[in-house]
Protein chains: 2
Amino acid sequence: MGRPIVRLKDVADKTGFSVNTVSLALRGSPRIPEDTAIRIRDAARDLNYMPNQVAKSLVSRETKTIGLVLTDITNPALTQAAQSIELALAERGYSTLFATSNNDLDEEKRVIAMFQSRQVDGMLIYPRSHRELDHIRQLRRAHYPVVLLVADPDAGVDAVSVDERRGAYRAVRHLIEMGHKRIGIIDSSNPMGNHEKRDGYVAALTEAGLSPDPTLSADPQGHSVIRGYWAMDKLMRLADRPSAVFTANDSLALGALRWTQKNGLQVPEDVAIVGFDNIEFAEHAATPLTSVNYEIRLVTDLAVARLIELIGTEGALPEPNVTLIDPELIVRESTQRRL
Amino acid sequence: MGRPIVRLKDVADKTGFSVNTVSLALRGSPRIPEDTAIRIRDAARDLNYMPNQVAKSLVSRETKTIGLVLTDITNPALTQAAQSIELALAERGYSTLFATSNNDLDEEKRVIAMFQSRQVDGMLIYPRSHRELDHIRQLRRAHYPVVLLVADPDAGVDAVSVDERRGAYRAVRHLIEMGHKRIGIIDSSNPMGNHEKRDGYVAALTEAGLSPDPTLSADPQGHSVIRGYWAMDKLMRLADRPSAVFTANDSLALGALRWTQKNGLQVPEDVAIVGFDNIEFAEHAATPLTSVNYEIRLVTDLAVARLIELIGTEGALPEPNVTLIDPELIVRESTQRRL
DNA sequence: ACGCAGCGTATTAACGATCATACAACGTCA
DNA sequence: TGACGTTGTATGATCGTTAATACGCTGCGT
């Protein structure tokens with residue numbers, strides 16, 4: 001708020017050159033002779049001149065800033081993503097404006113509008129819902145560079161994402177191979193939400209001739225450990241309870257694991273548990289968790305690369321491209337006791 | 001990059017009014033009659049006009065943006081902080097520019113300079129080191145609003161932080177009260193780093209007439225679970241090993257806990273473990289962890305409030321103020337078996 | 001000696017918004 | 001009737017930077 005600012009004009013006054021000459025000199029223009037440039041640079045250093053990026057952006061029409069929209073950064077998978085996105089962007093000279101939608105669609109829209117108003121050069125969005133993307137498609141139609149961090153192949157917007165459907169499929173398939181027939185799922189069941197994982201779960205069951213049992217599904221209403229605990233509680237209190245449970249992320253899985261401890265059940269003997277995202281705490285849990293793993297850096301690097309590509313495009317944007325990263329299953333003791 | 005932008009001028013052309021009238025109308029000036037304002041607002045909506053914050057900032061000399069500098073957002077305590085800072089700032093109409101220093105001092109300096117260049121209205125900084133703050137004090141001297149998120153009372157810069165020294169003291173004191181005499185510590189031992197926790201540890205021991213044994217100290221060289229595992233390994237391989245271990249954060253504590261599991265030791269009977277930050281995973285660990293807890297929202301809310309206050313200050317900044325939040329110890333089974 | 005190129009630097013006009021001020025048109029009142 | 005206020009809108013300067021262009025000088029070729 002009205003802090004003193006050293007401007008080109010101040011350097012100009014000090015050296016006796018015009019503003020423009022100073023500007024050129026500081027940017028290393030060949031039109032300025034070496035000794036002039038040195039004098040100007042010295043003066044700039046003495047005054048501790050720092051270019052005003054705001055003014056620069058107004059002229060250049062780019063802010064070298066991208067907007068990152070996450071639902072909630074405390075989700076460990078998103079934390080990792082945020083970290084490596086910031087890194088990848090910084091390496092390319094971009095800053096990261098960051099905001100969370102708190103899983104609220106209106107909030108997501110507000111944040112996106114705010115970023116537009118702030119003239120971000122592009123956005124990386126982890127949308128609240130894979131189904132409600134109209135506001136984002138609209139952005140794209142206005143030639144605004146956007147890349148989603150989770151999506152299905154026909155999103156109509158550029159996206160780079162782990163193939164959640166396939167990951168879930170692999171996880172459940174592994175459970176089936178281990179002989180499980182009653183396999184529960186802990187995942188959001190909001191029809192407007194993201195049901196890739198649920199789809200993969202159903203696909204694996206169906207393929208094996210098992211029919212999905214709706215009573216074996218629990219909606220945790222969140223992604224924290226305690227949510228997983230209570231969802232597990234719901235499943236395990238069933239008369240005909242599951243012998244294995246697939247959870248949508250590792251925090252939930254740790255909650256489920258905790259439930260088994262408190263209730264004196266053995267994992268994997270009494271019930272097997274599979275998580276998703278392979279966070280650090282999964283590997284080092286009381287019973288190391290089998291989990292769906294993927295290179296988060298790969299996802300974020302590709303997303304950033306695509307975004308930069310879109311930003312560099314003159315005129316109309318190319319057709320949207322959706323890249324799905326193939327995840328692998330890391331099998332640990334929570335599904336298969338070591339021999 | 002050269003995307004089409006709807007400007008005030010476009011709305012002006014469409015309605016036939018001047019740019020200024022449009023600007024006044026959209027900002028709800030009482031000088032513009034209602035019917036004119038309605039016509040202008042309708043036109044603005046039709047054109048999907050969004051004010052250009054960059055241009056606005058150039059005039060108003062404020063960006064309504066603050067810079068958040070973290071060492072590493074994957075540290076769960078910092079993730080929580082980042083989340084609640086973003087929220088607190090958004091509530092007050094500020095956006096968050098976010099960058100990580102990756103625990104590198106030069107990188108920290110670079111990031112701070114970049115934020116200055118981008119004209120952020122203020123900065124919240126989690127510094128790499130509590131001892132090397134000269135570059136930040138310099139900022140303050142230039143009347144730049146800065147609030148640190150961790151510091152000691154005589155930092156010479158505004159700060160709001162949990163009182164790490166006191167938290168560590170409480171934790172170690174609790175161990176002493178439980179009868180432990182050989183108490184290990186897993187914490188960075190970099191002399192230029194942050195030794196508040198180590199100070200508290202030493203203070204508690206000394207007060208109890210115990211002399212700190214340097215062999216009972218392990219530097220994990222990081223904050224991840226696996227680091228805690230190996231640091232614990234070092235301590236527990238000692239001939240005269242500790243009966244209790246204090247760790248600088250919960251991830252390290254979870255690693256230590258994991259070591260005991262793998263090596264068939266009982267917690268707390270064979271060795272007690274205390275963590276710091278009371279993250280979600282601590283409460284739900286195989287053996288629920290005793291941990292130093294504090295209201296992170298309180299820290300961030302106070303830090304944000306102070307920052308906004310500094311931003312609102314005309315002229316010279318007030319004397320720096322350091323607020324230390326008093327943490328509490330949550331005792332769980334990792335130090336005291338439930339009766 | 002004249003024209004012209006090149007060089008170094010200055011001038012002017014943007015960028016999109018806001019702010020202070022100017023100025024018509026109209027109404028009011030002595 | 002004319003001085004004065006009010007109302008509604010327009011003009012011009014400004015924020016700090018960059019880009020395009022202008023301009024004065026020197027040195028060269030012919």
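Every chain is numbered from 1, with letters handed out A, B, ... down the list of sequences. Small disclaimer: the values here were computed from a predicted structure and weren't measured.
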Rounded off to whole Å, could you give me the [atom1]-to-[atom2] distance for the [X] and [N] pair?
{"X": "A:L24", "N": "D:dT21", "atom1": "CG", "atom2": "C1'", "result": "13 Å"}
{"X": "A:D10", "N": "D:dG16", "atom1": "CG", "atom2": "P", "result": "8 Å"}
{"X": "B:D13", "N": "C:dG16", "atom1": "CG", "atom2": "P", "result": "12 Å"}
{"X": "A:E62", "N": "C:dG16", "atom1": "CD", "atom2": "C1'", "result": "17 Å"}
{"X": "B:L58", "N": "C:dA17", "atom1": "CG", "atom2": "P", "result": "12 Å"}
{"X": "B:Q53", "N": "C:dT18", "atom1": "CD", "atom2": "C1'", "result": "13 Å"}
{"X": "A:K9", "N": "D:dT14", "atom1": "NZ", "atom2": "P", "result": "11 Å"}
{"X": "B:I40", "N": "D:dG8", "atom1": "CD1", "atom2": "P", "result": "12 Å"}

note = Closest to the 5' end of DNA chain D, once B:P30 and B:V59 are matched to their nearest nucleotides, is B:P30

task = Could you pick out which residue, B:F17 or B:A55, lies toward the 5' side of DNA chain D when each is mapped onto its nearest nucleotide?
result = B:F17

ask   = Just how far is it from atom CD of A:E107 to atom CZ of A:R128, taken to the nearest 0.5 Å?
value = 12.0 Å

Give a yes/no answer on whether the side chain of [X] brings an N or O atom under 4.0 Å of OP1 or OP2 in [N].
{"X": "A:R7", "N": "D:dC15", "result": "no"}
{"X": "A:R61", "N": "C:dG16", "result": "yes"}
{"X": "A:S23", "N": "D:dT18", "result": "yes"}

request  = Compute whether any side-chain donor of one residue and acceptor of the other, for A:R118 and A:T65, lie under 3.5 angstrom apart.
outcome  = no

From C-beta outward on [X], which listed nucleotide comes closest to its side chain: [options]?
{"X": "A:N20", "options": "D:dT18, D:dA20, D:dT17", "value": "D:dA20"}
{"X": "A:P33", "options": "C:dT9, C:dT18, D:dT17", "value": "C:dT9"}
{"X": "A:S18", "options": "D:dT17, C:dT11, C:dG16", "value": "C:dT11"}

query = Heavy atoms under 4.0 Å, any strand shown: does B:S57 hit a base, just sugar-phosphate, or nothing?
reply = nothing

request  = Select base, sugar-phosphate, or nothing to describe what A:R31 touches, counting heavy atoms under 4.0 Å on all strands.
outcome  = base

message = Please determine whether a side-chain nitrogen of the Lys or Arg among B:E319 and B:R140 lies less than 4.0 Å from a carboxylate oxygen of the Asp or Glu.
response = no

request  = Look at A:R39 together with A:D35 and state whether they make a salt bridge at an N to O cut-off of under 4.0 Å.
outcome  = no

request  = Would you kindly compare B:M50 and A:T21 by the position of their nearest DNA chain C nucleotide and give the one closer to the 5′ end?
outcome  = A:T21

task = For residues A:P318 and A:R306, determine if any side-chain heavy atom of one lies less than 4.5 Å from a side-chain heavy atom of the other.
result = yes

